[in-house]
2 protein chains.
Amino acid sequence: MSQLETKDRILDAAENLFSDKGFSATSLRSITTLAGANLAAVNYHFGSKDALIQAVFRRILTPLNNDRLQRLDALEARVQEPSVDEVLTAFLTPVATLWSESKRGPVLVRLFAKTFAEPSTNIRDLVFSEFEGIAARYIPALARAVPHLSRREVMTRLHFLIGSMTHTVTNWDMLAGAPGADELIEQMVTYGAAGFRAPAALTTSKGTP
Amino acid sequence: MSQLETKDRILDAAENLFSDKGFSATSLRSITTLAGANLAAVNYHFGSKDALIQAVFRRILTPLNNDRLQRLDALEARVQEPSVDEVLTAFLTPVATLWSESKRGPVLVRLFAKTFAEPSTNIRDLVFSEFEGIAARYIPALARAVPHLSRREVMTRLHFLIGSMTHTVTNWDMLAGAPGADELIEQMVTYGAAGFRAPAALTTSKGTP
DNA sequence: GTCTATACAGTGATAGAC
DNA sequence: GTCTATCACTGTATAGAC
């Protein structure tokens, strides 16, 4: 057993068990047993199972998003008008970096992928609130790189890109050959940048005149 | 209460409750109460909660995928060499059609979106097995439309597209303005088709020479 | 075959002693 | 901060009624 405090031991145990068996299938008893703590410690330190889940995610997302901001800062300091490819690379690379971490990586990315499309928990809200700072920086950067798109269409296409990212990470093993993280980032940037560069979609909604 | 048989009443109730509160947050008791059935009826008709979830999904996915196959058949009967845009439209439209159904639509699509990124259940496997027939028809059609890509890269980009689709549907309400289904399909086809048409990504994996 | 009533082990949560 | 005891509720299984 490590020298860490109870709170951190619980977070570590929860991270591993959630990633392994999912949220609902992981009982607080199995977490506290693995962490060498008492069952009630979870409710004392975090308040509820749901709050524990959120704490696990916050511990991952904060550094990830900081990395994203840092990369965009560095990019804009280096290049006057960054291309879509460069901005998307800055956006996607932190995920690949996490993924490439030898041991904790796969655990974290699997958890991160589960964030979206989760039904009733507050995870989605947490992720989107953590994401606000990212959007505030990346959407203007993207809008400058693809000035032919309205702000709204930039946001829509960013959603498309995020969907590609999360789905790919989630179903990594379904991709035949299972390419490395670097290679996949490359393919995703190629695909996404071309999508962003595509002309604005017509907004003719109704009839066929 | 309807005249339907118990089995169907349970499926209807489960579909609505799952879509509303998620899978783990929905108890079998709440399902059977809403369906006007006894608790044990679930295990009698389906075997387990997990099997019930799968049955709910199968009832949605089978007609959806049949619609996809039918549209591709019709397209290839009409056009000799369908474009990426046309193939992607055939692929995506059934989802939009489901979505546009006034009452059941939103329920189904929310459920369908939860299919991916689900942690430990067998849902993912079910969806992918149901998807095999689709892939067998659509991947060759796409490969013919974008002959500059290897078969593997076609599959990878199809994954990207599926991710965009599911994430967009899941987080529909996060998109400012919440465009209509038709408009969103149009934007997704524009984005995805451009992505498919992009040149093959370099597969230089390692160093920077 | 279909349905009911009931029992059981495991769950998240909480109050209160130490 | 930590622990024990206890709560209401969950999914599942089964014996037996119609």
Using the ring of each side chain (for Trp, its six-membered ring), is B:F23 parallel, tilted or perpendicular to B:F57, with breaks at 30° and 60°?
->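 Rings of B:F23 and B:F57: tilted, 30 to 60°.
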
Qualifying residues under salt bridge (charged side-chain N to carboxylate O under 4.0 Å, His left out), relative to A:E76, sequence neighbours excluded = A:R137, A:R144

B:H167 and A:H167 aromatic centres sub-6.0 Å = no

B:R157 with B:E153: basic N within carboxylate O range, under 4.0 Å =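 Salt bridge flag = yes for B:E153 with B:R157.
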
Kindly give the heavy-atom pair with the smallest separation between A:V84 and A:A145, and that separation in Å.
-> N-CB, 3.8 Å

Below 3.5 Å is the cut-off: list the nitrogen or oxygen pairs between protein and nucleotides 7-13 of chain D, distance only.
unit_1 : atom_1 : unit_2 : atom_2 : d
D:dG11 : OP1    : B:T26  : O      : 3.3
D:dG11 : OP1    : B:L28  : N      : 3.3
D:dG11 : OP1    : B:K49  : NZ     : 2.9
D:dG11 : OP2    : B:L28  : N      : 2.8
D:dG11 : N7     : B:R29  : NH1    : 2.8
D:dG11 : O6     : B:R29  : NH2    : 3.0
D:dT12 : OP2    : B:K49  : N      : 2.7

Terminal contacting nucleotides, 5' and 3', DNA chain C versus chain A (heavy atom, 4.0 Å) = C:dT11 to C:dT14

Checking A:T26 side chain against A:L17 main chain: does a donor-acceptor pair fall under 3.5 Å?
->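 Confirmed, A:T26 side chain pairs with A:L17 backbone.
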
Cation-aromatic face contact B:R68/B:F91, 6.0 Å, 45 degrees | yes

